[in-house]
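Nothing fancy with the numbering, it's 1 onward along the sequence. Note that the coordinates shown come from a computational prediction; the quantities given were computed from them, not determined experimentally.
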Amino acid sequence: MRKTMHFRDEQVVDLSPSVVWELLANTNELNKYAGMFPVNFNQFIEEDQQLIRYADASVFNVIPLKWKEYVFEWVRYSHYSVVRKYIKGPFDTVFWSIRLEPLPEEKTKIILHGDFVCQNILGPIALRAIVYPQLRNMITYAMEFEKYKGKEKPLGKMKIDLESTRLDHAISLLRDSFSTKEMVDALEKTIRNGSDEMVTEMQPYHWARIHHFDRFSSVELFLLANAAGLLDYDWSLMCPNCRVPKGKAAALKQMTNTVHCELCGVDYELDFDRYVEMKFHVNAAIRKVDQTIYCINGPIKTPHVLGQFRISPHTNKTIHWPEFDEKLRCRVLKYNDSLEITDERSESADITYTSEGFIQESVSYAKQFTIQNETDKEIVVVFEKRNWNDDALTAREATSLQLFRDLLGTEVLAPGLQIGVGHMSILFTDLKDSTKLYERVGDAKAYSDVQKHFEYLMKCIREHKGTIVKTIGDSVMGAFTNEFDSFKAAFAIQQGINNLNEKLSQPVQIKVGFHTGSVIAVNANDLLDYFGGTVNKAARIQDKSTGGDLLIHHDVYERLINERPEIADLKSEFFTEKLNGFEEEIQLVRFIIDVKTPDVLSA
């Protein structure tokens, strides 16, 4: 007996489509709240020229289910859907979708729709007794969220298992080390009341965005929460193509050079710039977390993808595309052929994919895309952000913070491992005429002066979001992810030198220079160190400093004044110099900085 049954429900909620999407696109939490059953998922494979994932579950541990699940289709803030073909169970095929319709006054109509092909008499019974109530719970989920004004996710029947004494102790330690009470209170509330998913895979930048806190301060809060025993962390190893985790490492030492992505079918080399992300989770001794899987294929798992579509062989699909304020590209999942979507606007654009890839190199941003699949297999096309996930705290950023080095100094790579870091600004300083200082005041006073000078440099570098990588004699090597932060730190070092000299037995001058470019991370005597041509050039540029000044390459200068034109108003001079170890002469810029130099950078 085969019978097709249909389900439809709808509800208007006083929430914007973007807020409702963030709630309902998290299909793991949604299904958990709705009372769905835990699912075991296999990896994606290609079968019958289609991309599918085998899955199985058990209804009340009595009725076994097994099915092939196809990739979800969606457009962000608009709709998503999924198709399942059953191998075992009362159903033959299931199609399920959620659609959001924007309404005036930031309201949203939620429309749930399902088509169920039952293959025996148990199908209609299971639908009425189990499935339909579960689906209606999805509407209830949104309505409960509306009651909380979109600020707290409803937990349903979930119980939070807390060790209150340990939590109170960790929060007390955190309050002693972090001064912003509102942020500590918010983090404590997340740990006490948040859903299981909210306290696992925690991203400091995402948490900061949700709570409207400063991003940099939130990272420091999470690092100090780790030191207090409230949070633990690990490193997610992200595929550069599909941008989802392909492995985890509890420490940098556990990483290797390459990671395999089964979906893309490639091995790729890790780098700190994008492919290694630091995430946090609540300490298991403080809160027990249920990590049972209910769904792993929903849109929230790939936040960089704004749209995803299945296109059958030798057919086309027309997509009505909303306006997103994002730079996009179009890519074919698994094969990773891609084309750029330009900033030029048009009413419609045609995209054609063949066995050799896209025939176009780029298309305009259109209100309507028609995608033609000229291959013999189904393709999955994604429209995704070109830029990396804004919420990702990459290893490049985390390891460039002084607080990270202070708290996690043992976090180093395995000996002999080299990993690309991407672009960094490497700053070097040197204490001018330090040998004469020892001769003038003696070893004891000179040593004391040098240590105070190191403390001063660390303060300037830390305050400008950098880190001291190491000291070399009387010199310091610092690192920054942002070139302007490096410039501001160097500026602050020279402008505040009088404050340092008031604390010393003899006044000193500091030589400063920095350079920006790609670097490599290595383990150097159990220290996370950087090396490469950028590091060498930065050190040689600093060599040309005469003290009380700041030296940079002319290319760095051009980038800086494009970002901050007021830098061109600072007193500077241009000259050509040959650096030791480099064959060609380069153009350098010297800034003359003293306490009278106007601070044009503070705005």
Side-chain angles (χ1 to χ4, degrees), residues 25 27-28 41-55 68-76 78-85 97 236-247 259-268 274-275 295-319 321 324 326-341 349-363 369-389 392:
T27 51
N28 191 65
F41 287 96
N42 294 328
Q43 300 287 355
F44 272 116
I45 60 171
E46 196 170 64
E47 182 178 279
D48 298 328
Q49 309 294 339
Q50 294 175 309
L51 203 58
I52 61 105
R53 204 195 271 272
Y54 279 96
K68 293 192 293 186
E69 183 157 307
Y70 297 83
V71 297
F72 275 60
E73 294 189 279
W74 72 79
V75 173
R76 179 177 289 187
S78 173
H79 64 271
Y80 66 80
S81 62
V82 64
V83 175
R84 292 176 172 180
K85 288 189 178 293
S97 72
S236 290
L237 313 180
M238 313 295 288
C239 173
N241 294 317
C242 55
R243 305 190 198 179
V244 295
K246 295 302 171 182
V259 173
H260 180 73
C261 177
E262 77 289 335
L263 176 60
C264 299
V266 295
D267 292 326
Y268 62 91
R274 292 183 174 179
Y275 311 154
C295 182
I296 60 174
N297 297 326
I300 209 71
K301 292 296 182 181
T302 50
H304 64 287
V305 176
L306 303 187
Q308 180 167 289
F309 314 96
R310 297 169 56 204
I311 305 176
S312 301
H314 301 289
T315 64
N316 65 63
K317 178 171 285 190
T318 297
I319 298 161
W321 190 250
F324 289 106
E326 300 282 356
K327 293 186 180 298
L328 302 179
R329 70 173 180 174
C330 176
R331 180 171 63 89
V332 176
L333 205 64
K334 191 176 189 300
Y335 303 103
N336 299 312
D337 296 313
S338 63
L339 63 82
E340 181 180 332
I341 298 175
D350 294 330
I351 298 172
T352 303
Y353 186 77
T354 73
S355 57
E356 302 298 320
F358 289 105
I359 67 171
Q360 300 93 346
E361 291 185 2
S362 65
V363 295
F369 292 98
T370 300
I371 305 175
Q372 178 74 37
N373 176 13
E374 295 187 353
T375 73
D376 296 328
K377 59 182 66 177
E378 179 184 87
I379 60 173
V380 178
V381 174
V382 299
F383 285 67
E384 63 186 3
K385 300 178 186 178
R386 276 186 261 159
N387 295 331
W388 204 252
N389 182 7

Flag side-chain contact, heavy atom, 4.5 Å: D376 against H314: yes

Taking the side chain as C-beta and beyond, is there a heavy-atom pair between Q372 and Y353 under 4.5 Å? no

Checking side-chain contact (heavy atoms from CB on, under 4.5 Å) for the pair K317/V381: CA distance, chi angles, key distance, verdict? CA-CA 10 Å; K317 178 171 285 190; V381 174; over 6 Å; no

Closest heavy-atom pair and its distance - I351, C330: CD1-SG, 4.3 Å

Heavy-atom side-chain contact between Y70 and N297 under 4.5 Å: no

Quick check: does any side chain N or O of Y268 sit under 3.5 Å from a backbone N or O of C239, one acting as donor and the other as acceptor? yes

Measuring from atom CD of Q49 to atom OG of S312, what distance do you get when rounded to the nearest 0.5 angstrom? 12.0 Å

Show your working on side-chain contact (heavy atoms from CB on, under 4.5 Å) between K334 and V71 and close with a plain yes or no. CA-CA 12 Å; K334 191 176 189 300; V71 297; over 6 Å; no

For the NZ atom of K68 and the CG atom of D48, what is their distance to the nearest 0.5 Å? 5.5 Å

To check you understand the geometry: which heavy-atom pair defines the closest contact between V380 and R310, and what is its length? CG2-CG, 4.4 Å

Atom pair CG (D337) and OG (S355), whose distance is rounded to the nearest 0.5 Å: 10.0 Å

By salt bridge (charged side-chain N to carboxylate O under 4.0 Å, His left out), which residues pair with R243, not counting sequence neighbours? none

H304 and N387: CA distance, side-chain angles, deciding distance, side chain to side chain donor-acceptor pair (under 3.5 Å) verdict: CA-CA 8 Å; H304 64 287; N387 295 331; over 6 Å; no

Just verifying a value: how many Å separate E384 CD and S338 OG, rounded to the nearest 0.5 Å? 8.0 Å

Is the shortest distance from a Lys or Arg side-chain nitrogen in R76 or E326 to a carboxylate oxygen in the other one below 4.0 Å? no

Within the side chain of R84, is there an N or O that forms a donor-acceptor pair under 3.5 Å with the backbone of E69? no

Using side-chain contact (heavy atoms from CB on, under 4.5 Å), reason through F369 and V363 one step at a time and then give a plain yes or no. CA-CA 10 Å; F369 292 98; V363 295; 4.1 Å; yes

Exactly one of I359, T315, T354, N316 should register a side chain to side chain contact (heavy atoms under 4.5 Å, CB included) with E374. Which one does? T354

Spacing of Q308 atom CD and L333 atom CG [to the nearest 0.5 Å]: 6.0 Å

Nearest heavy-atom contact between N373 and K377 is ND2-O, 2.8 Å

How about F324 and F383: are their ring centroids closer than 6.0 Å? no

Closest heavy-atom contact between E378 and L51? OE1-N, 4.1 Å

Please work out whether the ring planes of Y80 and F72 are parallel, tilted or perpendicular, with thresholds of 30° and 60°. tilted

For E340, which of E361, K327, R386 qualifies under side chain to side chain contact (heavy atoms under 4.5 Å, CB included)? R386

What's the shortest heavy-atom distance between E47 and I52, and which atoms? CB-CG1, 4.0 Å

Minimal heavy-atom distance between V305 and W74, with the atoms involved, is O-NE1, 3.3 Å

Using 0.5 Å steps for rounding, measure from the NE2 atom of H260 to the NZ atom of K246. 9.0 Å

Donor-acceptor pair, distance only, cut-off 3.5 Å: does the side chain of Q360 make one with the backbone of D350? yes

